[in-house]
2 protein chains.
Amino acid sequence: MKMKIAVIGAGALGLYYGALLQRAGQDVRFLLRRDYQNISRQGLKVTSPKGDFHLAQVKGSREVAELGEVDLVLVGLKTIANDRLIELVAPLMKEDTAVLTLQNGLGNEERLADAFGASRVLGGIAFLCSNRGEPGTVHHLGEGRIRLGEFSQGLSERADAIAAMFREAGVPCEAVADLRRARWEKLVWNIPFNGLCALTGKDVTELLGHGPSRAEIIAIMQEVIAAANRQDLSLPIKPEPFISKMISATETMHHYRPSMMIDRLEERPLELEAIYGIPLQRAAEKGAEMVRVGMLYALLNLGEKP
Amino acid sequence: MKMKIAVIGAGALGLYYGALLQRAGQDVRFLLRRDYQNISRQGLKVTSPKGDFHLAQVKGSREVAELGEVDLVLVGLKTIANDRLIELVAPLMKEDTAVLTLQNGLGNEERLADAFGASRVLGGIAFLCSNRGEPGTVHHLGEGRIRLGEFSQGLSERADAIAAMFREAGVPCEAVADLRRARWEKLVWNIPFNGLCALTGKDVTELLGHGPSRAEIIAIMQEVIAAANRQDLSLPIKPEPFISKMISATETMHHYRPSMMIDRLEERPLELEAIYGIPLQRAAEKGAEMVRVGMLYALLNLGEKP
């Protein structure tokens, strides 16, 4: 199946998945900003432990309108730019266009659904370590798996087809029946590690190697799971073995620095609403108080530039 | 009443109070370390908004044994040096010597009581902004009030006499019947402000000026008061108006940086056990869980050098 795909938010994530899909034969168009000149002239280079590659010709524009209508919009925009999300996606939409947001945290599908209708929207959780290198280059460091699902229903042919397309492009991908559960599962990792690394300047290995902060990570995970299990999930998340597995997996990430930590070190704004603000709100709506998460959110917020 | 007084831990606090007592006619001896040469030769200078002064002759030694036995030992040692507390105080003790610890947090009186008997021990809470300047100089920035009391009983003639001695030296001082309550009251301020300033690098004015961190400060104060009120105090601490008063008082401290923040900025060890570890333990013993305080303790601990 060949699809016309637009990538909105061509950061490390958007460029990486877009490049893989193009290499696999999909018709991909990128909305570009700072890399426009370089990518237009020299194409896009991907370095990866799975093998480097170079796309000599890449379709890109600085104007969404020039990308034309597509079958699928892939959203990789930072959530801090979400006030522009709808205007960036709208020109790409024809009647049956689907939108798959791979953004972090909660609230992104809702935003798209409000504008375009819930039935158009899918969400995905990307487990990807990547960053941007010199202009026109993206570095894939490891992982890359995606779990995606429909926003307003369970399994669907469309979700299966998109997952198959990613797999054909070399991306491990599964369609899930309960997107909300998958989002909360990811938050169980993101909420403690992103925030604590950004706040303290320590990486995941340092946090786990220190008894008291390791205990806080586990306590935060318990708070998130308790809140998640009030969100009408199809199946509750069992704190054990879920937490132990997640800790073990993180122990293999040698001195990994989550993106939020790097954003803080480089004095960029953090994705606080998607990863903290909205989850705290959803928890509170269902009567779950996440005390540690609230404190973490407040202290991260304090460090943001006004 | 003229007393022989030894000052152990001649940092900004010990030097300041010792200097005032000497100026008022008391026989004061200082245990000195890095300032020994300077103070022996040139005396001790105090700068203060209440008037600068200089003591040309100061009795000091690098060896406790040379200070001789005294009537009163004033302890100003950092609690991180408490493993040396008993050996430093022991040579000064004659049969009726009293020990007044002005150290931060909890656990100091107990340590002295175990070694010398509870009846010898008093504790005091100092509200003092001071720091050390060039060698031989201490800067008094503001405040200075002391609340002191007996460790093992209520009001006493001895506590009244010591309080009177401080007042004669120009230090506002009151004897309190419930030292434990006074210590916990001070913790209601120290626990949020010392730790949050040290952890985030923001001063008290910045913390209070930011809605979410201001709310966390209040929530932490509530946790501490709830734990305090399980410690068999003579009278419970009423969250209101206590918290509001404390916040208002702090709002007058224009961009004040608590000592723990300065210690962290200068990469010195923090007084974590006295201000966090032992209070958390006392709270847990009485079934009070201080969740935010525990998280703060863990994260401060993480930032300490191994």
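The chains referred to below are lettered A, B, ... by the order of the sequence lines, with proteins before strands, and numbering in each begins at 1.
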Using side chain to side chain contact (heavy atoms under 4.5 Å, CB included), reason through A:L299 and B:L299 one step at a time and then give a plain yes or no. CA-CA 12 Å; A:L299 298 182; B:L299 297 182; 5.5 Å; no

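A 6.0 Å sphere centred on CD of A:E87 holds more than 12 heavy atoms belonging to other residues, nucleotides or ligands. By the neighbour-count criterion of 12 heavy atoms within 6.0 Å, atom NE2 of B:H255 is densely surrounded, having more than that number from other residues, nucleotides or ligands. With a 6.0 Å radius and a threshold of 12 heavy atoms from other residues, nucleotides or ligands, A:E134 has its CD atom above the threshold. Around CZ of B:R181, the count of heavy atoms belonging to other residues, nucleotides or ligands within 6.0 Å exceeds 12. Heavy atoms of other residues, nucleotides or ligands lying less than 6.0 angstrom from CZ of B:R147 number more than 12.
When heavy atoms are compared at a cutoff of 4.5 Å, B:T200 approaches chain A solely by way of its side chain, counted from C-beta outward. Only the side chain of B:L196 comes within contact range of chain A, with at least one heavy atom under 4.5 Å from a heavy atom of that chain.
Inter-residue side-chain proximity for B:L296 and A:M295 is flagged as met; some heavy-atom pair is nearer than 4.5 Å. In this structure, the side chains of A:E216 and B:L302 stay at 4.5 Å or more apart for every pair of heavy atoms.
Counting all heavy atoms, side chain and backbone alike, B:V291 lies closest to A:R292 at CG1-CZ, 3.4 Å. Across every non-hydrogen atom of B:A298 and A:S213, the tightest pair is CB-N, 4.2 Å.
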